[in-house]
Amino acid sequence: QVQLVESGGGSVQAGDSLRLSCVASGRGFPFSYYGMGWFRQAPGKEREFVATINGNGGSTLYADSVKGRFTISRDNTKTTMYLQLNKLKPEDTAVYFCGRTKGFTFSSQEIAYDFWGQGTQVTVSS
């Protein structure tokens with residue numbers, strides 16, 4: 001079983017920055033064997049893709065809505081993935097979830113993920 005725990009959320013003003021973390025633990029193959037990703041869910045909306053990264057951190061993919069403002073990264077020695085959120089907007093308000101893909105590559109599709117964290121709230125006020 002794999003556990004993913006997010007942290008770093010909070011309430012900020014538009015234009016501010018936050019850094020989210022996702023720490024992985026539990027049995028299984030090494031952390032670096034798996035792609036990881038961030039998704040978010042705003043009130044009354046479906047969960048949507050934000051960013052994803054492959055096992056060694058060499059490839060990333062972003063949703064158009066966050067491209068140029070958010071940066072995904074990982075430190076495999078710490079079994080941790082990060083999401084740097086810059087120039088935050090009120091429409092970025094959501095619960096942010098991290099997930100682990102079923103293999104080395106990354107994916108923007110929820111069906112490619114087999115483990116999820118519990119989420120961390122990000123609230124951006126104007």
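The structure presented is a predicted model; accordingly, all values stated were derived computationally and were not measured.
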Please confirm whether the backbone N or O of [Y] pairs with a side-chain atom of [X], one donor and one acceptor, at under 3.5 Å?
X    : Y    : answer
N54  : G35  : no
T93  : V124 : yes
T120 : G9   : yes
S11  : T123 : no
E6   : G119 : yes

Distance (rounded to the nearest 0.5 Å) between [X] [atom1] and [Y] [atom2]:
X    : Y    : atom1 : atom2 : value
Q3   : Q118 : CD    : CD    : 11.5 Å
F70  : S65  : CZ    : OG    : 7.5 Å
F106 : T101 : CZ    : OG1   : 10.5 Å
D92  : L18  : CG    : CG    : 10.0 Å
L88  : S125 : CG    : OG    : 10.5 Å
M36  : T60  : CE    : OG1   : 14.5 Å

Do [X]'s NZ or CZ and the ring of [Y] fall within the cation-pi criteria of under 6.0 Å and 45°?
X    : Y   : answer
R100 : Y34 : yes
R74  : Y82 : no
R47  : F97 : yes
R40  : F49 : no

Could you tell me which non-hydrogen atom of [X] sits nearest to which non-hydrogen atom of [Y], and how far apart they are?
X    : Y   : result
S126 : P90 : CB-CG, 3.9 Å
G37  : M81 : O-CE, 3.4 Å
Y62  : I72 : OH-N, 2.8 Å
G55  : N76 : O-ND2, 2.9 Å

* Does the pair K87/D16 count as a salt bridge with the N-to-O cut at 4.0 Å? ->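 So K87 does not pair with D16 through a salt bridge.
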* Do D64 and K67 meet the salt-bridge criterion of a basic N to acidic O distance under 4.0 Å? ->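 Result for this pair is yes, salt bridge flagged.
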* Apply side-chain contact (heavy atoms from CB on, under 4.5 Å) to the pair L61 and S108, showing each step before the final yes or no. => CA-CA 8 Å; L61 180 69; S108 63; 4.2 Å; yes
* Full working for side-chain hydrogen bond (donor to acceptor under 3.5 Å, both in side chains) between T52 and Y113 -> CA-CA 11 Å; T52 183; Y113 291 75; 3.2 Å; yes
* In terms of the angle between their ring planes, are W116 and F39 parallel, tilted or perpendicular, with boundaries placed at 30° and 60°? ->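 Correct class here is perpendicular.
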* Test T80 against D75 for side-chain hydrogen bond (donor to acceptor under 3.5 Å, both in side chains), laying out the working first. => CA-CA 5 Å; T80 302; D75 184 341; over 6 Å; no
* **Worked check of side-chain contact (heavy atoms from CB on, under 4.5 Å) between Q84 and S73** => CA-CA 8 Å; Q84 179 68 40; S73 62; over 6 Å; no
* Counting only heavy atoms not in Y33, do more than 12 fall under 6.0 Å of its OH? ->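 Atom OH in Y33 is not crowded, with 12 or fewer foreign heavy atoms closer than 6.0 Å.
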